[in-house]
Amino acid sequence: LLDTYEAERLPVGHRLLTTTDRGFSLLARGGWFASQGRTHVLPRVAQVLFGNAWTQRRLFRFVSQLAVRYTHSPLSTERQWGEEPGSVRMEQGPAPGDRVPNVALKAEGAERLHTLLRGPQHTLLLFTGLDSGSEATSRRSELVALAARLEAHYGPSLLQAWVVVAGEATPSARLVADADGALHRRFGAGGECFYLVRPDGYVGHRERPLEPERLEAELARRLGRQGT
């Protein structure tokens with residue numbers, strides 16, 4: 001993240017500075033018309049605009065920078081190939097560079113996704129897919145074992161891995177229960193796939209289908225091959 005800080009944050013700072021600069025110049029401009037605008041027009045316009053709930057939400061997202069996206073960052077990548085099962089498409093989920101939504105979930109010690117993401121580590125979400133078929137139980141066990149192995153290799157301070165299981169009602173160690181499939185649909189996970197979330201809560205990489213070799217190669221590219 002530090003290597004790409006300048007490429008990602010400089011454009012954001014430039015947009016924020018430009019916007020505030022223009023606003024200040026407008027308010028500080030001299031002359032009779034500018035004075036009348038500040039005294040009589042601006043308060044009325046502000047009352048109408050800021051009394052609107054939509055405007056308030058947009059302003060809050062702008063000031064808090066929750067709407068910031070890193071779509072063109074070198075850290076924002078994805079790979080997709082093959083047919084997607086069902087009607088749920090990965091394009092419906094958060095794209096690389098998007099902030100991960102704080103959706104409801106059921107996991108041990110967590111009821112919101114951002115709780116799982118809390119900390120300085122990368123977070124790996126392995127989705128089983130909505131249509132897991134008759135081999136769902138064995139495949140789930142394989143994914144849980146994969147998550148445990150990867151986390152042990154890199155260490156929980158660098159990587160934490162979770163398996164999101166569609167149709168499961170009870171969470172357990174490394175397992176997020178997605179009984180009604182809502183979390184899968186929010187992430188466009190109709191079939192097996194994975195999302196790698198950066199420490200700052202943004203999607204770094206997403207990929208389908210989920211192939212362990214390609215997953216491990218992506219982790220090695222980002223985190224290095226040697227564990228802690």
Side-chain angles (χ1 to χ4, degrees), residues 1-10 12 65-66 68-80 90 93-103 105-128 139-165 171-178 183-184 186-189 192-228:
L1 288 179
L2 292 178
D3 292 338
T4 60
Y5 183 86
E6 183 172 315
E8 290 184 342
R9 296 300 301 175
L10 273 184
V12 175
Q65 298 190 34
L66 291 178
V68 170
R69 303 175 67 194
Y70 302 124
T71 308
H72 303 294
S73 167
L75 289 181
S76 301
T77 58
E78 66 179 334
R79 281 193 294 267
Q80 300 184 47
M90 180 168 269
D98 283 355
R99 184 176 174 84
V100 172
N102 191 22
V103 294
L105 52 71
K106 292 179 67 175
E108 286 190 339
E111 295 182 350
R112 308 290 299 186
L113 180 53
H114 283 188
T115 304
L116 289 188
L117 305 181
R118 191 174 298 156
Q121 78 289 334
H122 290 75
T123 303
L124 178 64
L125 302 175
L126 308 177
F127 288 87
T128 61
R139 184 54 176 165
R140 179 178 69 181
S141 299
E142 292 175 7
L143 292 179
V144 170
L146 174 62
R149 179 169 62 82
L150 292 174
E151 189 172 309
H153 177 74
Y154 286 102
S157 62
L158 188 58
L159 179 72
Q160 291 185 8
W162 298 85
V163 180
V164 185
V165 183
S172 58
R174 303 188 193 285
L175 191 150
V176 176
D178 188 18
L183 195 56
H184 274 72
R186 182 65 184 83
F187 277 78
E192 279 191 2
C193 64
F194 72 87
Y195 279 76
L196 182 62
V197 184
R198 303 169 9 163
D200 58 1
Y202 286 81
V203 176
H205 182 81
R206 67 178 182 180
E207 184 168 330
R208 67 160 184 82
L210 197 168
E211 296 183 359
E213 295 79 9
R214 290 184 178 274
L215 166 58
E216 292 183 52
E218 182 62 32
L219 290 177
R221 186 178 75 85
R222 290 171 176 267
L223 308 180
R225 292 189 176 277
Q226 296 299 318
T228 55

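These values consider heavy atoms only, across backbone and side chains, with no hydrogens, waters or symmetry-generated copies.
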Nearest heavy-atom neighbours spanning Ala177 and Pro171: CB-N, 3.7 Å

Listed partners of Glu151 passing side-chain hydrogen bond (donor to acceptor under 3.5 Å, both in side chains), at least two apart: Arg174

Arg198 vs Tyr70 side-chain heavy atoms within contact, under 4.5 Å: yes

Value rounded to 0.5 Å, distance of CG in Leu196 from CD in Glu78: 13.5 Å

pair Leu215-Leu150: side-chain heavy atoms closer than 4.5 Å: yes

Whether Glu192 side chain and Ala189 backbone form a donor-acceptor pair below 3.5 Å: no

Where Tyr202 and Gly97 come nearest, the two heavy atoms and their spacing: CD2-O, 3.2 Å

Test item: Val144 and Val165 side chains (from C-beta on) under 4.5 Å apart, heavy atoms: no

Within-4.5 Å side-chain heavy-atom neighbours: Thr128 and Arg139: no

Minimum side-chain heavy-atom gap Leu105-Val164 below 4.5 Å: no

Any donor-acceptor pair under 3.5 Å from Arg186 side chain to Pro101 backbone: no

Minimum heavy-atom distance between Leu175 and Trp162, given as atom pair plus value: N-CE3, 4.0 Å

Side-chain donor-acceptor distances from residues 109-117 under 3.5 Å, at least two apart:
from	atom 1	to	atom 2	distance (Å)
Arg112	NE	Asn102	O	3.3
Arg112	NH2	Asn102	O	2.3
His114	NE2	Val100	O	2.7

Minimum-distance pair of heavy atoms, taken over all atoms of Leu210 and Cys193: CD1-O, 3.4 Å

All side-chain contact (heavy atoms from CB on, under 4.5 Å) counterparts of Glu211, not counting sequence neighbours: Trp81, Pro209, Glu213, Arg214

Distance (rounded to the nearest 0.5 Å) between Glu142 CD and Leu126 CG: 12.0 Å

Under 3.5 Å donor-acceptor, Arg206 side chain and Pro94 backbone: yes

Shortest non-hydrogen separation from Gln121 to Ser157 and the atoms involved: CB-O, 3.5 Å

Leu143 side, atom CG; Phe194 side, atom CZ - distance, nearest 0.5 Å: 12.0 Å

Any donor-acceptor N/O pair, Thr123 side chain to Val197 backbone, under 3.5 Å: no

Aromatic plane relationship, His184 with Phe127 - under 30° parallel, 30 to 60° tilted, over 60° perpendicular: perpendicular

Side-chain (Arg79) to main-chain (His205) donor-acceptor, under 3.5 angstrom: no

Heavy-atom closest contact (Thr77 atom, Pro96 atom, distance): O-CG, 3.2 Å

